[in-house]
Structure formats: C-alpha cells, structure tokens
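Working notes for the structure below.
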Amino acid sequence: MEIRRTANAGILLKLDGVTILMDGVCREVKPYPATPPETKAQLTAQMPEVVAFTHSHKDHYDPGFAAAALQKNGVIIGPSECHGTMEPLTVGSVRITPVPSRHIGAAGKDTQHVSFVMEGSSCVWFTGDASPTQFRNLSLPKPDVLIVPYAYCNTAAAWEFTQQLGASYVVLLHMPAPTDDYQGLWDAVHSVIKSDISGQPTVYIPDVNKTLTIQLPRD
Ligand SMILES: [Zn+2]
C-alpha cells in the first residue's frame, strides 16, 4: 500500500488500487501545517475515489475542498458537520467503515468525530483525533497499519496502549515542522520510541507530501 501525507493529520491511502483521502486537505492551525496549495489543487483536479473527514476542526478539514469532493463523488464519509454520511462504503475490494469515536480532551464533548477502518488485503485504521483508550472497548478487526496523531506516541503510557492494538506499522501524523515545534513534540516522541527496546511496531513520521510504501505479507 501507499500512504502519502497531504495535510497536517491527513493522508492519501492507496490500498488494493483504491484511493482514499482522509482528513487530506486542511487549513493551518499553528504550529500544524496546512495542505500546500499545489497539493490541494492537484487533489481537486484528480479527486480520489473516496473522500472522508473525521471531524470539522480546521487542522483536519477544508470546507471548500469538501464541497468540491461532494460535487465530484456524490458522497463524503464522515460526520454531518463535515457534510458526510456514516454509511460504510465498498469500492473495489476495499470496505471503508466509519466508526463513531470521541475526540481527545475537552473537545470530545462537543465535536462530532469518527474514525475509519479500511479492510482489503490489509487492515488500516485511521483514528483522526480520537482518544486512544476507547478502542480497547470496541470489537474491530486488528489493524496491520495504524495511522494516528502524536498523542498515541508522546508518552510511555500512550505508546504502551498503542502497541497493544497489535499493528505492524504506525504512521504518526499531526506533527509540526521541526522548526515550529515549540511544544517539544519531536523530542517527546523520539524519547518514547528510543526507550522502547522492542522496536515494535515500526514507526514512520512522514513529511507533508512524502509517500511511504508499506509492503505487508498479505499484499
Ligand atoms: Zn481536532
């Protein structure tokens, strides 16, 4: 599969030939990066087959792009605040299931939020800003690849929980550019990863517009 980071906390996933954009065009919320204008233009011109948003916060969602996606594809997956539908969708051999979830922290109370589970030859979870601990109570298929924000990896306790989800790979999003990192997130994440001697799962932290290719045994 291919995973291209196109936004602060968003990706273009290519799984079994199906293109799925999740939180893939966003606006800037300092210190987190906006989708570069040329990337947004390219995605608008070549609309992915599936467009999904986890929630309507600026650093995850762009209403102008959502309107274009809705016009082109007829449907967006996500909460109604993002003009989305909560119906699961099958495209080719990939099934995309929205899973209602709670946003991390105080915002959880008043923000509609969903996570996404993609099932094809591999299983991918895209959590959005969902708080990590709720997943232990849900019976979801085990992820091969987990796509999550820094909060899943910036403390030893969060990382231990993330490991228990059983993925082979973690793709960490919602990271600021190192030059804008006044919260010290890069240091926090690196120290957690370095102090974990298991080395499992493998962690990737892609730059915006970088594409990862992940080869799983079942691909
Ligand atoms: Zn949010």
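Note that the structure is predicted; figures quoted are calculated from it, not measured. Whatever order the structure lists them in is the order used to number ligands and atoms, beginning at 1.
The hydrophobic cluster around Ile76 extends to Leu12, Leu21, Val25, Leu43, Met47, Val51, Phe53, Tyr61, Phe65, Leu70, counting ILVMFWY residues whose side-chain heavy atoms fall within less than 4.5 Å of a member.
Using cut-offs of 30° and 60° on the angle between ring planes, the pair His174 and Tyr150 is perpendicular.
Residues passing the side chain to side chain donor-acceptor pair (under 3.5 Å) test with Lys109: none are found, sequence neighbours excluded.
Ile77 places none of its side-chain heavy atoms less than 4.5 Å from the side chain of Ile20.
At a cut-off of 2.8 Å, measuring from the Zn ion (ligand 1), the protein N, O or S atoms that fall short of it are His55 NE2, His57 ND1, His103 NE2, Asp129 OD2, waters left aside.
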Review item, side-chain donor-acceptor pairs of residues 123-131, under 3.5 Å, at least two apart:
| unit_1 | atom_1 | unit_2 | atom_2 | d |
| --- | --- | --- | --- | --- |
| Trp125 | NE1 | Pro141 | O | 2.9 |
| Asp129 | OD1 | His60 | NE2 | 3.3 |
| Asp129 | OD2 | His55 | NE2 | 3.4 |
| Asp129 | OD2 | His60 | NE2 | 2.9 |
| Asp129 | OD2 | His103 | NE2 | 3.2 |

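Between the side chain of Ser101 and the backbone N or O of Ser115 there is at least one donor-acceptor pair closer than 3.5 Å.
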